[in-house]
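Reading through the structure tokens given below for one structure.
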2 protein chains.
Amino acid sequence: MTRKLTLLACAASLAALPIAAQEPLKTEYPSPPEIVAKAKAEEWVAIAPSDLMVMDLAPLGAKPRRVVIQLMPPPFSQGWIGNIRKLAAAKWWDGTSINRVQDNYVVQWGDATEKKALPEGLAVVPESEYINTLEYFALNTPGMVSEHMIWPTRADNIYAPAAGFRKGWPLAVDYYPKGKSPFNKGRKTLDQKAIWPTHCYGMVGVGRNLSPDTGTGAELYTVIGHAPRHLDRNIALVGRVIEGIEHLSSLPRGTGALGFYEKEEERVPILSVRLGIDAKDLPAFEYLSTESASFAAYADARANRRDAFFIKPAGGADICNIPVPVRRKAQ
Amino acid sequence: MTRKLTLLACAASLAALPIAAQEPLKTEYPSPPEIVAKAKAEEWVAIAPSDLMVMDLAPLGAKPRRVVIQLMPPPFSQGWIGNIRKLAAAKWWDGTSINRVQDNYVVQWGDATEKKALPEGLAVVPESEYINTLEYFALNTPGMVSEHMIWPTRADNIYAPAAGFRKGWPLAVDYYPKGKSPFNKGRKTLDQKAIWPTHCYGMVGVGRNLSPDTGTGAELYTVIGHAPRHLDRNIALVGRVIEGIEHLSSLPRGTGALGFYEKEEERVPILSVRLGIDAKDLPAFEYLSTESASFAAYADARANRRDAFFIKPAGGADICNIPVPVRRKAQ
């Protein structure tokens with residue numbers, strides 16, 4: 001009796017082969033990674049180094065631990081980004097630490113002492129900036145929704161009437177064109193005509209105190225579990241981890257309340273945080289345009305797996321189960 | 001300026017206090033954990049030791065690593081459970097290892113050599129057992145749905161017309177009473193009159209080869225990321241991790257294809273796997289009855305967070321964002 005280690009559509013014996021020797025299974029329908037691999041060069045969008053932020057943790061033994069974050073551009077994320085740029089430029093996070101690792105929830109970092117002075121001139125961002133309405137009006141231009149958002153079958157309607165992608169980011173939208181969806185009937189709208197980023201795995205947000213505090217950006221967290229979408233519209237999202245999240249998600253879980261480390265020596269030292277333009281040895285990154293035909297095919301394949309392993313396509317996917325492909329740009 | 005480490009409704013300064021000194025914030029509405037803490041003793045259901053399975057990994061330094069799994073009873077999970085009981089009774093997993101850790105996906109364990117002989121008499125389970133129809137008919141008894149399933153507002157309809165809980169387990173259902181939900185209109189049914197368990201964080205499933213293989217139960221995995229609901233109805237679920245998942249979710253990620261460890265020394269040795277009735281030093285566990293009033297209040301609070309931290313309740317929660325509370329039974 002053969003007993004393979006497979007869970008997805010590759011045989012376990014692949015694990016014993018070098019990466020280059022791996023051939024995709026022959027199947028009538030390509031898998032999501034196969035679709036991404038075949039995307040055209042012009043479907044990939046370069047990420048500006050000024051939109052990257054690099055966090056170097058203390059090495060684990062001899063192993064360096066670098067986490068690369070892509071900052072979310074306006075209008076999806078707003079006033080906090082300016083603060084974060086100032087904090088990175090001031091090298092404010094150097095010498096701070098990762099202080100909280102809560103299983104199936106978040107990893108959080110910043111100044112554990114709560115005594116380190118902040119740079120001058122940080123903005124106090126109002127709660128109104130958790131959501132955005134400007135972008136809605138752009139979307140509402142005839143044809144824009146179908147051209148610029150992907151709407152997988154039944155992509156969302158638990159946390160918002162609809163969800164999709166624009167300019168590389170997962171977004172919830174309290175809008176869709178009349179008659180386009182069967183799911184709007186009978187449900188109340190949330191923030192009418194609003195759009196907001198979603199708390200998917202790897203997204204980076206701003207820790208805060210109780211309302212009306214919205215956080216400065218000095219305390220950041222990233223999602224390492226099932227998407228905590230109840231945080232949407234309650235807390236600012238400012239970006240996502242695009243490389244090295246395993247250095248955060250595989251950290252020992254904190255044993256204190258909310259996953260905080262109880263002992264000072266458990267905290268993971270942050271050597272430095274730099275904007276991409278100031279970081280050493282940073283490769284170029286690119287994401288698959290969410291407005292591209294390949295992304296549409298990829299999202300459809302995530303929602304309707306037809307590759308060899310699957311016997312019943314789901315018929316839909318939630319927004320956080322369609323991660324936007326990001327990769328190092330080939331040299 | 002105060003800068004607290006908070007992300008949820010507790011001040012960072014809690015982290016410096018012993019657990020016993022922590023008081024919940026005073027708020028008009030209790031948080032989900034507060035609701036669970038106040039549940040009556042009779043709302044908790046004891047888990048039979050015969051439904052538990054204990055996996056002891058090699059210690060990490062001096063730290064023991066025990067993972068406790070609750071096996072899913074019939075009719076939700078079917079033929080595989082008998083195989084798993086035989087494998088545990090035969091001590092088949094002793095000396096095997098954790099071989100795969102794929103970030104935001106699964107941890108998988110079993111015989112990396114693929115050469116270890118299986119016990120005699122394991123069942124070959126058909127694909128038809130990925131779903132269940134018997135339970136549907138029980139649910140269809142007048143009154144049963146409202147009494148025995150929790151239907152948070154907009155609990156699901158991406159991966160199934162509805163989802164809810166019964167006897168402690170998260171289930172997707174291709175059924176609900178006429179007129180009860182506004183979300184059925186315009187969508188096709190999947191497996192008419194079917195019910196199946198959902199791939200939430202911590203759920204344990206059976207690795208398999210390509211269809212029609214369904215796996216024996218010798219290769220198991222657990223979900224350590226955003227719920228891969230596309231695996232529902234494509235692969236068998238047999239239980240969930242109820243304690244010690246951090247020993248799996250915090251493991252170093254594998255660098256091979258699909259997160260397999262590339263070097264033998266990276267694999268994490270499994271010292272033993274025993275059924276609860278054969279395990280040493282195993283405390284008693286209990287879960288909050290999903291048919292209880294406290295669970296209904298807890299699910300509602302997960303879907304509509306009104307405690308002090310939140311400014312905008314989501315108005316819904318996906319099935320995997322309402323984890324069933326499980327705890328050690330007080331001595």
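Chain letters run A, B, ... following the sequence lines, proteins first, then strands; residues in each count from 1. Note that the coordinates shown come from a computational prediction; the quantities given were computed from them, not determined experimentally.
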Parallel, tilted or perpendicular, judged at 30° and 60°: which one describes the rings of A/His226 and B/His226? parallel
So for B/Ile311, is it side chain, backbone, both, or neither that comes closer than 4.5 Å to the heavy atoms of chain A? both
In terms of heavy-atom pairs under 4.5 Å with chain B, the winner among A/Ser211, A/Cys320, A/Pro252 is A/Cys320
Part of B/Pro212 lying under 4.5 Å from any heavy atom of chain A: neither
Considering non-hydrogen atoms only, spot the tightest contact between A/Asn321 and B/Arg229 and give its length. ND2-N, 3.8 Å
Is there a donor-acceptor pair under 3.5 Å between the side chain of A/Arg253 and the backbone N or O of B/His247? no
Contact origin within A/Pro228 toward chain B - heavy atom pairs under 4.5 Å: backbone
How far does CG of B/Asp318 sit from NE2 of A/His230, to the nearest 0.5 angstrom? 10.0 Å
What's the shortest heavy-atom distance between B/Ala317 and A/Tyr159, and which atoms? CA-OH, 3.3 Å
Evaluate the side-chain proximity of A/Asn234 to B/Arg305: yes if any heavy-atom separation is below 4.5 Å, no if none is. no
Rounded to the nearest 0.5 Å, what separation is found between the CG atom of B/Leu210 and the CZ atom of A/Phe310? 11.0 Å
Heavy-atom pairs under 4.5 Å with chain B are the metric here; pick the option from A/Asp103, A/Asn104, A/Ile224 that has the most. A/Asn104
Which atoms form the tightest heavy-atom contact between B/Gly225 and A/Tyr201, and what is the distance? CA-CE1, 4.5 Å
